[in-house]
Amino acid sequence: HGAEAFAGIRTRITTCAAGRRAACLLITSAAPREGKTITATNLAISFARTGSRTLLVDFDMRRPNVNAVFGLPDDGPCLLDVLGKGRTEDFPVLPTATDCPNLSIIGNHASREIRVAETMGSKIVEDFVAWARSSYERVILDSPPFGVVSDSLVLAGMADGVLFVNRPGVSSRHALRGAVDEFSEAGAPLLGVVVNAVNMNGVSFLSNYDYRHGRGYQSYSYPARD
């Protein structure tokens, strides 16, 4: 069951984060369409259901999806707009409460007026993450695929842990291995790979997805939906 699988992933994260409290988690992938946003959303819900005040942030500035997952319009508070214009005073108005107790989200939408690369390289991103940490017990950052842009590598330095999402039949083993190596070389706090949409009746479904390289890197999985 999906909820049980994410509860298991949540438990593993909280018990194996190298002795540190994983208050801020970054979710990314090596390529698009691997289930990154759904993974971030379900993990955030799982933390919220334990009673932790949780914030899910859509940091995909070019193809945001969190609002769509929650059925919210794109005309609400926008992270890129606030960051791009340097409005730190507007951080508190960004979160939107959800039907899930203890869970708030910060949505996003693409903009032709704000240069994403410049915004991601500015100090205001660090200020925002620091604000989110001080305001919530758990912060989940949904970032764009690393193989498309390097935003996730920038955010990795501000997170307590990084989870890669991998989807058998969609993901490239070479691309994921390369992304993991780059994050590792940059000193990112890697926690593991979430292998999603797994056929639990299959044989050795993780046999081709071992990226641990002796670093204590973990593999987690959850089944495909019926």
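Hydrogens, waters and symmetry mates are skipped; everything else that's a heavy atom, side chains included, is used.
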Has the side chain of [X] got a donor or acceptor atom that lies under 3.5 Å from a matching backbone atom of [Y]?
X	Y	value
Lys36	Pro145	no
Ser152	Ser143	no
Ser104	Thr54	no
Glu34	Ala31	yes
Asn102	Ala48	yes
Asn108	Met61	no
Arg53	Ser135	yes
Asn42	Ala40	no

- [ ] Just do the side-chain hydrogen bond (donor to acceptor under 3.5 Å, both in side chains) check on Asp142 and Thr37 with the steps written out, would you?
- [x] CA-CA 6 Å; Asp142 178 26; Thr37 297; 2.8 Å; yes

- [ ] State yes or no: do Leu103 and Leu72 share one hydrophobic cluster built from I, L, V, M, F, W and Y residues joined by side-chain heavy-atom distances below 4.5 Å, directly or via other members?
- [x]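 Same cluster.
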
Are any of the side-chain nitrogens in [X] or [Y] under 4.0 Å away from the carboxylate oxygens of its partner?
X	Y	answer
Asp81	Arg87	yes
Lys123	Asp127	yes
Asp160	Arg133	yes

TODO: Take Lys85 and Asp90, measure what salt bridge (Lys or Arg N to Asp or Glu O under 4.0 Å) needs, and give me the verdict at the end.
DONE: CA-CA 10 Å; Lys85 295 179 180 178; Asp90 286 347; over 6 Å; no

TODO: Check the pair Val57 / Leu79 against side-chain contact (heavy atoms from CB on, under 4.5 Å), numbers first and verdict last.
DONE: CA-CA 8 Å; Val57 185; Leu79 177 64; 3.6 Å; yes

Task: Mutual orientation of the aromatic rings belonging to Trp131 and Phe91 [parallel < 30°, tilted 30-60°, perpendicular > 60°] - done: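 Taking Phe91 first and then Trp131, their aromatic rings sit tilted (interplane angle of 30° to 60°).
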
Task: Glu89, CD atom: more than 12 neighbouring heavy atoms under 6.0 Å - done: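 More than 12 heavy atoms, drawn from other residues, nucleotides or ligands, come within 6.0 Å of this atom.
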
- [ ] Please assess Phe70 against Thr96 for the test side-chain contact (heavy atoms from CB on, under 4.5 Å), listing each intermediate value before the final yes or no.
- [x] CA-CA 10 Å; Phe70 285 89; Thr96 298; over 6 Å; no

TODO: Give the C-alpha distance, both sets of side-chain angles, the deciding distance and a yes or no for ring-ring contact (aromatic ring centres under 6.0 Å, His included) between Phe164 and Phe146.
DONE: CA-CA 10 Å; Phe164 272 90; Phe146 176 68; 7.4 Å; no

